[in-house]
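Note that these values count all heavy atoms, side chains included, but never hydrogens, waters or copies made by symmetry.
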Amino acid sequence: MKQHRLNIQTSARPDVLERVLRVVRHRGFRLCALNMASGADSQLLQVTMTVESERPIQLLSTQLDKLHDVTHVEAQLLEPASQSAFQIRA
């Protein structure tokens, strides 16, 4: 499966994270990692999440961008770990 990192900037409202996670689930992506930090002015949240799916990431990023409290979404494909380090030669 392909893994993507999403950097999402949202307003600091109590229900924003719940709505973001609901969209992730409804679009068929699996959450692998999540990090959230408030901005310097405490009005914004910076959410960084890693998700995986075979589906195109645009299906998710477009829907997240449509959420009222989301101000910015940036998606980045994560390179898979090199398989050669785990191969055993006989």
Side-chain angles (χ1 to χ4, degrees):
M1 281 197 212
K2 295 179 186 175
Q3 284 195 345
H4 293 86
R5 178 173 296 129
L6 292 167
N7 294 315
I8 306 165
Q9 188 173 8
T10 70
S11 61
R13 293 179 39 106
D15 56 342
V16 169
L17 187 59
E18 181 181 343
R19 279 188 274 132
V20 167
L21 292 174
R22 188 176 338 132
V23 171
V24 170
R25 181 174 52 91
H26 282 286
R27 292 292 165 219
F29 286 78
R30 186 173 84 83
L31 183 67
C32 299
L34 176 69
N35 187 19
M36 183 179 73
S38 62
D41 60 359
S42 299
Q43 297 295 320
L44 296 176
L45 289 177
Q46 183 65 38
V47 179
T48 304
M49 63 174 60
T50 303
V51 295
E52 70 177 10
S53 179
E54 290 299 324
R55 304 183 84 190
I57 193 63
Q58 291 80 13
L59 293 175
L60 178 58
S61 61
T62 302
Q63 293 302 311
L64 289 171
D65 204 30
K66 290 180 182 179
L67 292 176
H68 181 267
D69 293 315
V70 173
T71 58
H72 179 74
V73 176
E74 179 183 323
Q76 168 187 11
L77 177 64
L78 297 177
E79 295 297 323
S82 174
Q83 297 290 331
S84 61
F86 299 106
Q87 291 179 353
I88 299 175
R89 296 186 179 170

Distance in Å, Q3 CD paired with T50 OG1, rounded so as to fall on 0.5 Å steps:
6.5 Å
Under the 3.5 angstrom rule, does the side chain of R30 hit a backbone N or O of S53 as a donor-acceptor pair?
no
Inter-residue atom distance C32.SG - M1.CE, 0.5 Å rounding:
8.5 Å
Chi angles and distances behind the side chain to side chain contact (heavy atoms under 4.5 Å, CB included) call for N35, M49:
CA-CA 6 Å; N35 187 19; M49 63 174 60; over 6 Å; no
When rounded to the nearest 0.5 angstrom, what is the spacing between CZ in R13 and NE2 in H68?
8.0 Å
If you round to the nearest 0.5 Å, how far is CD of Q46 from OG1 of T71?
8.5 Å
Test side-chain hydrogen bond (donor to acceptor under 3.5 Å, both in side chains) applied to S11 - qualifying residues, sequence neighbours left out:
D69
Which pair of non-hydrogen atoms, one from S42 and one from A12, has the smallest distance, and what is that distance?
O-CB, 3.6 Å
Connected via hydrophobic side-chain network under 4.5 Å: V70 and M36
yes
Assess the residue pair T62 and K66 against the criterion (side chain to side chain contact (heavy atoms under 4.5 Å, CB included)); give the C-alpha distance rounded to whole Å, side-chain angles, the decisive distance to 0.1 Å, and a yes or no.
CA-CA 7 Å; T62 302; K66 290 180 182 179; 4.0 Å; yes
Rounded to the nearest 0.5 Å, how far apart are CD of E52 and NZ of K2?
12.5 Å
Spell out, yes or no, whether L59 and V24 are grouped together once hydrophobic residues are joined by side-chain heavy atoms under 4.5 Å, including indirect joins.
no
How close do S38 and L45 get, counting heavy atoms only, and between which atoms?
CA-CD2, 3.9 Å
Shared hydrophobic cluster for V73 and L44 (ILVMFWY, side-chain gaps under 4.5 Å)
no
Does F29 share a hydrophobic cluster with L78, counting links as ILVMFWY side-chain heavy atoms below 4.5 Å and allowing steps through other members?
no
With a 6.0 Å cut-off (strictly less than), is the heavy-atom count around CZ of R5, excluding the residue itself, greater than 12?
no
Straight-line distance of L6 CG to E74 CD, nearest 0.5 Å:
9.5 Å
